[in-house]
Structure formats: structure tokens, C-alpha cells
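This report concerns only the one structure given below.
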Amino acid sequence: MRIVLGVGGGIAAYKAASLLRLFTEAGHDVTVIPTDASTRFVGVATWEALSGHPVSNSVFDDVHTVNHVRLGHEAELIVVAPATADLLARAATGQANDLLTNTLLMAGGPVLMAPAMHTEMWRHQATQANVETLRSRGITVLEPDSGRLTGADSGPGRLPEPAAIFAAAMALAESSGIPGGPERAAASGPAGPTASGPAPLAGIRVTISAGGTREPLDPVRFLGNRSSGKQGVALAAAARDAGANVRLLAAHMDVPAPEGVDVVRVETALELRQAALRASAESDVIIMAAAVADFRPAETSATKIKKRDDTADPVISLVRNPDILKELVEVRDTASRNQLIVGFAAETGDADGGVLEYAEAKLRRKGCDLLVVNQVGRDEVFGQDTNSVVILARSGSEPQEASGSKSDVAAAVIDRVSAELSRVQPPG
Ligand SMILES: Cc1cc2nc3c(=O)[nH]c(=O)nc-3n(C[C@H](O)[C@H](O)[C@H](O)COP(=O)(O)O)c2cc1C
């Protein structure tokens, strides 16, 4: 795919070099257009060396090729990172005072902008109005990350990580139906080498749910379960270590979320459902490892239910919670989305059937791609540091066993996820 990478004059310009590497290593042909201000941060030589193309920001260079017209027409995707407040304003008002803004006006394909600036600049009404204008014209403007900014301050305004911008760009290309764009966003993508070997999930967006939901009876009481969140947290850490861009949907957990993942806190099954459906459109892989309550109290009292001698024993009636895993599969299939969905089953055997029999039936019922099955009992699995699972696949391949620490099991599941992704979309 032919990509134009516009680089604005912000301190995060250096991160665009990593983004450029992700694009080129995934086989894309990238022309960089830095603004004049950005060359005060990163020089033209860096962009020329990394992209393998000459670099300019003037409409008056190579006039015979009419650079801005050619680049605007040829680019199948334009990514601007970092997009400064100034660039957002210039693009929103249709200015054409350098090569990048000229090219943006000529663009025939999708455009993605990744803003980065101080929180005050980002929140300023002028910037927000410019973002709204750009979005209303079909330009994808990413939300900046929150965190440490240039000085000692922190807040929303950080450039999203290069892997996240890469993944968003690939998803945009895919949804725009660009020939040569990724079938599954970068499943064959930039498995960039790391100190410990290749990063098999580089550029892949993985959403993982963890912990146990709590279904409130009143402001102080709830129906919960024994899930500690350890397995989900280990999965999030393993996916992060494999290079993925990880979002953790965290229900109640006894352990902290790992560093380096986005955390969305949820309490109830309904909140988890909403967060999962919202994340679905931006996920290449979804792993539902949370213990979700099958039922919730039909009514939640707004005040504490009182213990009074003169009333009868209270009766709790329950209603069924939605089947989130099944819904995610239905949404994926309806939207014809390339997405790998992994379910977890905590099963117990009984007189009518064994654990695996119940799990196989569950896999068929839910339609997910992989089902990780463990046998639970009062002292097994929940809260423990070890686990023993069987991974069942919808493709019908042999069940795969994995056991050891929850980190060992997480690594086996993430390996299997990588293998499934490359099986669907072999590298090269
Ligand atoms: C050290 C330094 C850091 C800056 N960082 C940012 C930034 O992160 N975001 C931003 O919008 N502007 C930032 N600016 C201001 C821009 O460089 C300035 O608005 C410039 O005109 C942007 O030009 P451009 O949009 O053509 O790249 C920074 C300026 C300096 C001196």
C-alpha cells in the first residue's frame, strides 16, 4: 500500500520514526512529508534514510512532477502523526501553505490524524471544533493518550503508541477496502524483532476481559464469584510482551493490572457487555477470560435492604444476563469483521457428562474460534497461581493441553492465538 506519512512539529515527532518502521517492515511504501517545524525536531535525513525516498515539504521542489498533486492522488492512505494543534487547524480550514496541507486537500483516500499536544491545547474549544470539523468530513482523528507530557505535567495529549497508530491505520485501510491493504489488520504485519526475539503480535489490537463481575443487590451487597483476575492479567501481560496493543476490561480483580496496557474498569455483566461491544470494532483479537455472572438480581434496591424482625425472609429473584461471548461472535459475523474470538469456560463435570463434553457443546453453541477450558471446584483454579487447561478449536484441530503457572498458560494461549492469526493470513 502507498502511504503518505505527515509529521507535525511536536516533541513526539521522533515517535513517527518507529511508526514509519512499522509501515515499511509490513511491506508498505511510505513517503514522508514533514512540516518545516517538525524538521526542528527530527531532520530530513532520518526520514529519507528510513523511508528510502527523497523528502520535501515545499510545493516548489520537483515542480515538474507537481508533487502535491501526484502525492495526493497516489497515496492510498495518509497518516499524520503527530498532528499538531496548528496542523489540525490548517487542515480544518482548508489551508494549503505547505506540501503536507496541499497533499491533504488533494487526498482521494482515507486520512488518519493522531494528535499530540498539551492538555490545554487539546481541550481548547478551537482545537475541539477543528477535530469535530475534520471528523464530520470523514477524517479519522484518534483520541490522544493520557499520561506524561513534555514537561512535568500529565493528562490527555500524548501521542498514542506507534503500534496503536499502526493498528488504527491498518484497520482504516481495511475498512476502506484498499487493495493491498491488510485482510486482517497486520496479522502478517510488522513482527518487529525485539531483544528476546520476534514480536508476533506487533500492531495487533487485543481486548481481554478479566476478573469477576459483581451484580448489586443494594448499595452494599452483591452477587459475585471467586475469580481473582490472575489468569486474565497474565494473558494481558503475555499479549503485551508479544507486541500487542492491549486493552484490559477489568471486572473485580484481586491483583493489579499489568503495566503498559489500557485498563477499562467494569463492575457488572451489563457494564462488561457494553465495554466489550464498544471495544469490538477496534479489536483484532478478543479474549473473554472474565467470570461473568449468568444471572443478576431482578431488582437492585437503591437503599440498603433492612433486616427487620417483622417482615418475612427476603427472596431474591434473578434474571438472565446477556451472553456476551455469543453476542460478540454475532456482531463480528454481521459486520464481516476479521477477528479472532477466544472464550473461556470454567466447567465442572456431573453425572450427565464430563468437562470436555460440556466444553465442546459450549464451543458449538457460542461459535467462538478457540475455547480455553478449565475444570473448576472450590480449591481448583480460582485464586490459585497455577492452572491446567485444554484449548479447543472450532476448526476441529486436536485439543491442546497447557498447564503450569498462570503465566505459562497465558503464554500457551497467546502462542496459539498467534498461530491461528498466521494460519488465516500467512506472513508474506
Ligand atoms: C519544544 C516544543 C514542543 C512543541 N510540541 C508541540 C506539540 O506537542 N503539539 C503541538 O500542537 N505543538 C507543539 N509545539 C508548537 C508547534 O511546534 C508550533 O505550533 C508549530 O507552528 C507547528 O507547526 P506545524 O503544525 O506546521 O508542524 C511545540 C513547540 C516547541 C518549541
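Numbering of ligands and ligand atoms starts at 1, following listing order.
Between atom 9 (N) of ligand 1 and the options Ala116, Gly9, Pro115, the minimum heavy-atom separation is to Ala116.
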Requested in this report: Give the intermediate values and the outcome of side chain to side chain donor-acceptor pair (under 3.5 Å) for residues Thr119 and Arg158.
Outcome: CA-CA 9 Å; Thr119 304; Arg158 269 171 71 89; over 6 Å; no

**Report entry** side-chain contact (heavy atoms from CB on, under 4.5 Å) evaluation trace for Leu201 with Ile414
**Finding:** CA-CA 9 Å; Leu201 295 186; Ile414 295 300; 3.8 Å; yes

Requested in this report: Mind running salt bridge (Lys or Arg N to Asp or Glu O under 4.0 Å) on Arg205 and Asp284 for me, showing each step along the way?
Outcome: CA-CA 5 Å; Arg205 300 159 304 170; Asp284 304 307; 3.0 Å; yes

**Report entry** Verdict with reasoning, Asp408 to Ser405, per side chain to side chain donor-acceptor pair (under 3.5 Å)
**Finding:** CA-CA 5 Å; Asp408 294 337; Ser405 69; 3.2 Å; yes

Report task. Output, in order, the C-alpha distance, side-chain angles, deciding distance and verdict of side chain to side chain donor-acceptor pair (under 3.5 Å) for Arg123 and Gln128. Result -> CA-CA 6 Å; Arg123 288 195 173 137; Gln128 288 302 309; over 6 Å; no

Query raised in the report: Does the side chain to side chain donor-acceptor pair (under 3.5 Å) test come out yes or no for Asn225 and His252, once each step is laid out?
Result: CA-CA 9 Å; Asn225 59 61; His252 174 77; over 6 Å; no

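Under a 4.0 Å criterion applied to the non-hydrogen atoms of Ile11, ligand 1 contributes the atoms 5 (N), 8 (O). The ligand atoms of ligand 1 that sit less than 4.0 angstrom from a heavy atom of Leu87 are 25 (O). Remark: ligand 1 atoms within the under-4.0 Å shell around heavy atoms of Ala37 are 20 (C), 22 (C), 23 (O), 27 (O). For ligand 1, the atoms closer than 4.0 angstrom to any heavy atom of Gly8 are 27 (O).
Atom 11 (O) of ligand 1 has its closest protein heavy atom at Ala85 N, 2.8 Å. Taking atom 2 (C) of ligand 1 as the reference point, the nearest protein heavy-atom neighbour is Phe41 CZ, 3.5 Å. Scanning the protein for heavy atoms near atom 25 (O) of ligand 1, the closest one is Thr84 OG1, 2.6 Å. Among all protein heavy atoms, the one lying closest to atom 24 (P) of ligand 1 is Asp86 OD2, 3.4 Å.
Within the 4.0 Å cut-off (strictly below), no protein heavy atom is located near atom 18 (C) of ligand 1.
An N or O contact shorter than 3.5 Å is missing between Gly10 and ligand 1 by distance. Considering backbone and side-chain atoms together, Ser38 places no N or O closer than 3.5 Å to any N or O of ligand 1. For ligand 1, one of its N or O atoms has an N or O atom of Arg90 under 3.5 Å away.
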Could you go through residues 37-45 and list every donor-acceptor pair under 3.5 Å that involves a side-chain atom there, pairing it with any protein atom two or more places apart or in another chain?
unit_1	atom_1	unit_2	atom_2	d
Ser38	OG	Val7	O	3.3
Ser38	OG	Thr35	N	3.2
Ser38	OG	Thr35	O	2.8
Thr39	OG1	Asp36	O	2.6

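Between the CZ atom of Arg226 and the OG atom of Ser228 there is a distance of 12.0 Å, given to the nearest 0.5 Å.
Within 6.0 Å of the CD atom in Gln274, the count of heavy atoms belonging to other residues, nucleotides or ligands does not exceed 12.
If you look at Met121 next to ligand 1, the close heavy atoms, those under 4.0 Å, all belong to the side chain.
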